[in-house]
Engineer: 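I have a structure I would like to understand better, so I am pasting it below and will then ask my questions one at a time.
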Amino acid sequence: MSKIAIAPTVIQELNRQLNHELGAAHAYQALSIWCAVRNFTGFASFFAKQAGEEREHAGKIIDHLVDRGVTPELAALPAPRQNLASLLDAALQAQAMEEANTRGINAVFEAALAAKDYPAQVLMHWFINEQVEEEAWCAEMVDRVKAASCAGSLSDLDRHIERHLADDEKA
Ligand code: FEO
């Protein structure tokens, strides 16, 4: 276990963010279910993988806290939104979640800067870069769903969405 001190403000922010990541996993699972029920199997698969990635993100923060002798506190997760109106609504929901997540990551980084917590700053460098990728695939998904103007083109997009977004989403 590390003996590098960690400020209460940084613990609080890391705890908040790890629960946010778990909430994102829950929300992506809900998007995956919504898509699967409507036979958008490509989107369902993409969102299911995204749920797994969000759990990995939470795990990175959990490992960091544990290594520094802090017990992470898991909060109750809010029920995710499931009453989506359309595939575009689902894509916009993903985009709104990632934009909120970027704000959360920035808040952790600012707390780590203020506390001169270098290990937490370096941990957040990974997340800051990750959010560039996350916001890129969201924007591309929104653009592509908007461009698919009929049921046939949405079905075609569904078949190829994972390949289309593979360059943005590598983590
Ligand atoms: Fe954990 Fe979608 O970023």
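In listed order, ligands and their atoms are each counted from 1.
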Engineer: Would you mind checking if Asp117 and Arg68 are paired as a salt bridge, meaning a charged N to carboxylate O distance below 4.0 Å?
Structural biologist: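 Looking at Arg68 and Asp117, the cut-off is met.
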Engineer: Tell me which pairs pass ring pair (Phe, Tyr, Trp, His ring centres under 6.0 Å) where either residue lies in residues 64-86, with sequence neighbours left out.
Structural biologist: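 Qualifying pairs: none.
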Engineer: What do the steps show when you test Glu99 against Arg103 for salt bridge (charged side-chain N to carboxylate O under 4.0 Å, His left out), and what is the final call?
Structural biologist: CA-CA 7 Å; Glu99 288 171 356; Arg103 292 193 290 276; 5.2 Å; no
Engineer: Could you pull out all residues at least two apart from Phe47 that satisfy ring-ring contact (aromatic ring centres under 6.0 Å, His included)?
Structural biologist: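 Checked Phe47 against ring-ring contact (aromatic ring centres under 6.0 Å, His included); matches are Tyr28.
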Engineer: Does any pair with a residue in residues 82-117 pass ring pair (Phe, Tyr, Trp, His ring centres under 6.0 Å), and if so which ones, sequence neighbours excluded?
Structural biologist: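 Every pair satisfying ring pair (Phe, Tyr, Trp, His ring centres under 6.0 Å) with a residue in residues 82-117: Phe109-His125.
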Engineer: Ignoring water, what protein N, O or S atoms are under 2.8 Å from atom 2 (Fe) of ligand 1?
Structural biologist: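 Less than 2.8 Å away from atom 2 (Fe) of ligand 1 sit Glu54 OE2, Glu98 OE1, Glu98 OE2, Glu134 OE2.
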Engineer: Thinking salt bridges, do Asp143 and Lys146 make one under a 4.0 Å N-O criterion?
Structural biologist: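 No.
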